[in-house]
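Down below is the structure, laid out as structure tokens.
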Amino acid sequence: MPEQPQSMNDSAATSHQASPSEPLRVAVVGATGNAGTALLRALAEAPEIGPVLGIARRMPDVTAEPYASCEWAAIDIGAASTEAAAMAELETAFAGVDTVVHLAWLIQPVAERELLRRVNVEGTRRVLLAAASAGVNHVVVGSSVGVYAADPSRALRDEHWEVGGIESSQYSVDKAAQEEVLNAFEAEFPDITVTRIRPALTFQAAAASSIQRYFLGSAVPVQALGRAQPPALPVPKGLRGVQAVHADDAASAYVAAIVRRAPGAFNVCADDVLGAQQLADIIDHGRFFELPTPVVRGFVVAAHRAGIVSVDAGWFDLALGAPHMDNTRAKRELDWQPKHSAADALRELLQGMIEGEGAASLPLRPRDVDDARLASIDGRTGDGADAAHAAGDAHAAGDSAPNAEAPAEDPGATQQEWPRDAAEGLDWELFGLYLSDHLTGATAGSERMERMSAAYVDTPVYAALSELAEELRLERAFLIHLIDDLEVRRRFYRQAASWVGERVGRLKLNGRTFTRSPLSLLLELELLRSAVIGKLGLWQVLSEHAADLELDPAVFDELGERALAQAEVLSEAHAFARSRAFREDRELFGVADEPQPGQPGAGQSEPGQSEPGDPGPGQTERAPEPTTGPTVVGHDHDDELADEWGKESFPGSDPPSNY
């Protein structure tokens, strides 16, 4: 256990309170999610705010706004880190900070109750204590309407309404437990200002794909609303109304709380309450019909168990039981006013779902990879351009290729054609078969990597595997576009067979019937590492023939370098897995174990890091040495997007979170 932070009464000299003329230094924990992304936009526009540090377990695209406006640190606050490791990294990150905003929250996987509690409740405690140790004198914590006890009335309740949550909702129970942590922290450190923001449902277009993916699931056909509307909207009979707030309005409340250093709790919601009629007006033709509440709840239970919807019945109970909040205190003491109605926020969310909108972070990634970004090392950016055109055009670094579906902005630019006689002597049938075979492998590899990134959320290698899964997904989409633009046959039946085969391969037990096997991670990493090295050959072949195909060989050289980097990521994860897979005295899942003095591997690595673990006895290869502090990412990255990244994507399986 780390030493408890000293009371602020004894550490006032270490306080980093900014003077009125100095901009405030802010750290945002959980800066890549719905609330965090909106807050980064608001902080960048606030003249009172100076340097901002974003903290997340998985890094966003730091070349894209709003993530480019701040520095970054990769820290695991509780999923697979020990208390000592998380506290040390957080304390280092908080040095010199005036205000810490804590937004990190894990919502899925709902079945992993202990994991959610460890991240959400224990993670909050770690953030608070690290802030106190670093001399931070103001913390702002994202709470929720879910912290309140149930209320059957339609009256507006202020911040004095009873807290305690709704028992059947684990989200609500954990939010109540988080505020108990805040109560204990305030009692121990009375000189630290603690602000609690309690928002309603928070909507924005950038979170649309994330909310659909993580709360509704891919089986719910929200996209169909863009083509047709249901004849009537079914609603539970007990629905009293829904409150919401636009993410930008919530962010402005956070900024006001930071600048004013206002203590206490603040309800943050739009002024209107969406009843059944208002919901029907927005979602369909304005008609609705009521169903008995037990019937609707039973459907939610069955749909969750069947995998149709992602959330359980606790969210249904929370929606029906949560009180209606009164936002008067936020208006009065923060000088805050919502600029969007709840109806407008919901309309924006639904339109965003129809269009598959997102942002350049893994939690908020868009539904379609056409709208996603992948870093490349030469500074090019892509925004949906035709892949072949982007690869063949030797545009200057930093220029964006024109959209293939719209006229080019440059009158002199023309869409490149692909006549078969552009590459004389090339066996197009054989070449097409080669590309199709690699697409088959990319389909299986992307699927496997997606599943792995979700299955090992409670391991130190999760962040690296999740980021790699997104790269493989985008590279597969790039390959699809390239095949289509070169007008070679894609051979869909092969990709379908690989998709089915990958799922059949999941049925292997690896020595365990009902629990995860450490052997699975080891074998899957070995398989994927071989596949990534095999993909290197594809990029080398395309680079070799790029001139004949009128493509830019530098694109494929860069992708080849990326393949080597991906193999290294998998090798580091393999080092962690092989040091634990066959040992009974080391944990592979859950909180990373700390080797005790005298035990194998003691002193070789810092527990809780994303780096691989120590080699076991008899192994001569050592994992890379961990860093002594959080991984900080600056603005001077030359990692930007390579080219366009296709129209097809897989349903996301990574945990929905701001973390």
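Starting from 1, each residue takes its place in the sequence as its number.
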How about Arg365 and Arg473: do any of their side-chain heavy atoms sit closer than 4.5 Å?
-> yes
Checking side chain to side chain contact (heavy atoms under 4.5 Å, CB included) for the pair Leu115/Val457: CA distance, chi angles, key distance, verdict?
-> CA-CA 9 Å; Leu115 170 64; Val457 62; 3.5 Å; yes
Taking the side chain from Asn34 and the backbone from Thr202, do they hold a donor-acceptor pair closer than 3.5 Å?
-> yes
Any Phe185 side-chain heavy atom under 4.5 Å of Val139 side chain | yes
May I ask you to test the Phe94-Ser133 pair for a side-chain heavy-atom distance under 4.5 Å?
-> no
Could you tell me whether the side chain of Val145 reaches within less than 4.5 Å of the side chain of Lys175, counting heavy atoms only?
-> no
Pair Asp158-Thr328, side chain to side chain contact (heavy atoms under 4.5 Å, CB included): steps then yes or no = CA-CA 8 Å; Asp158 66 13; Thr328 300; over 6 Å; no
Give the C-alpha distance, both sets of side-chain angles, the deciding distance and a yes or no for side chain to side chain contact (heavy atoms under 4.5 Å, CB included) between Asp335 and Arg260.
-> CA-CA 10 Å; Asp335 193 24; Arg260 292 171 178 261; 3.1 Å; yes
Taking 4.0 angstrom as the limit, do Arg196 and Glu186 come out as a salt bridge?
-> yes
Do Thr32 side-chain atoms and Ser361 backbone N/O form a donor-acceptor pair below 3.5 Å?
-> no
For residues Arg157 and Asn267, is any side-chain donor paired with an opposing acceptor at under 3.5 Å?
-> no
First locate atom CG of Leu521, then atom OG1 of Thr459, and finally report the distance between them rounded to the nearest 0.5 Å.
-> 6.5 Å
Is a side-chain N or O of Thr82 found less than 3.5 angstrom from the main chain of Ala85, in a donor-acceptor match?
-> yes
Are Ile166 and Tyr148 side-chain neighbours, meaning at least one heavy-atom pair lies under 4.5 Å?
-> no
Shortest non-hydrogen contact from Met59 toward Ala73 | CE-O, 3.5 Å
Would you mind reporting whether Val311 and Gln108 have side-chain heavy atoms less than 4.5 Å apart?
-> yes
Taking the inter-plane angle between the rings of Trp72 and Tyr67 on a 0 to 90° scale, is it parallel (under 30°), tilted (30 to 60°) or perpendicular (over 60°)?
-> tilted
Spell out, as yes or no, whether a donor-acceptor pair under 3.5 Å connects the side chain of Gln243 to the backbone of Met325.
-> yes
Closest non-hydrogen atoms of Ala345 and Phe203, given as atom of the first, atom of the second and distance, are O-CB, 3.7 Å
Indicate yes or no: does Glu83 engage Arg118 in a salt bridge with an N to O separation below 4.0 Å.
-> no
Rounded to the nearest 0.5 angstrom, the NE2-OG distance for His340 and Ser252 is 9.5 Å
Rounded to the nearest 0.5 Å, what's the gap from CE on Met353 to CZ on Arg213? Could you check?
-> 10.5 Å
Closest heavy-atom pair, Val121 versus Gln178, reported as atoms and distance to 0.1 Å, is CG2-N, 4.4 Å
When rounded to the nearest 0.5 angstrom, what is the spacing between OG1 in Thr92 and CE in Met87?
-> 11.0 Å
Have a look at Val140 and tell me which of Val28, Val194, Val101, Leu39 forms a side chain to side chain contact (heavy atoms under 4.5 Å, CB included) with it.
-> Val101
Between Thr37 and Gly33, is there a donor-acceptor pair closer than 3.5 Å when you use the side chain of the first and the backbone of the second?
-> yes
Do Glu179 and Ser143 touch side chain to side chain, with heavy atoms closer than 4.5 Å?
-> yes
Say whether, by atom type as modelled, one donor and one acceptor occur between the side chain of Asp76 and the main chain of Ala79 under 3.5 angstrom.
-> yes
Would you check, one step at a time, whether the test side chain to side chain contact (heavy atoms under 4.5 Å, CB included) holds for Leu128 with Val181?
-> CA-CA 9 Å; Leu128 294 173; Val181 171; 3.9 Å; yes
Which distance, rounded to the nearest 0.5 Å, do you find between the OG1 of Thr124 and the CH2 of Trp105?
-> 6.0 Å
Which of these passes side chain to side chain contact (heavy atoms under 4.5 Å, CB included) with His138: Ile192, Val100, Thr195?
-> Thr195
Which atom pair, heavy atoms only, marks the closest approach of Ala359 to Pro366?
-> O-CD, 3.6 Å
Note: Asp174-Arg113 ion pair, threshold 4.0 Å (strictly below) | yes
Do you know which two heavy atoms are closest between Asn120 and Leu106, and how far apart they sit?
-> OD1-N, 2.7 Å
Asp271 and Asn327: CA distance, side-chain angles, deciding distance, side chain to side chain donor-acceptor pair (under 3.5 Å) verdict = CA-CA 8 Å; Asp271 293 327; Asn327 59 15; 3.0 Å; yes
Please tell me if the side chains of Arg41 and Gln204 come closer than 4.5 Å, counting only heavy atoms from C-beta onward.
-> yes
Nearest heavy atoms of Ser69 and Leu40, plus distance in Å | OG-O, 4.3 Å
Are Arg125 and Glu122 within salt-bridge range, i.e. N to O under 4.0 Å?
-> yes
Neighbour count >12 (heavy atoms, 6.0 Å) for atom CD, Glu162 | no
Just by modelled atom types, is the Pro23 backbone N or O under 3.5 Å from a matching donor or acceptor in the Glu48 side chain?
-> no
With rounding to the nearest 0.5 Å, note down the distance linking OH in Tyr171 to CD1 in Ile107.
-> 6.0 Å
Charged N-O contact under 4.0 Å between Asp344 and Lys339 = no
Sort out for me which residue in Arg57, Arg58, Gln566 forms a side chain to side chain contact (heavy atoms under 4.5 Å, CB included) with Glu467.
-> Arg58
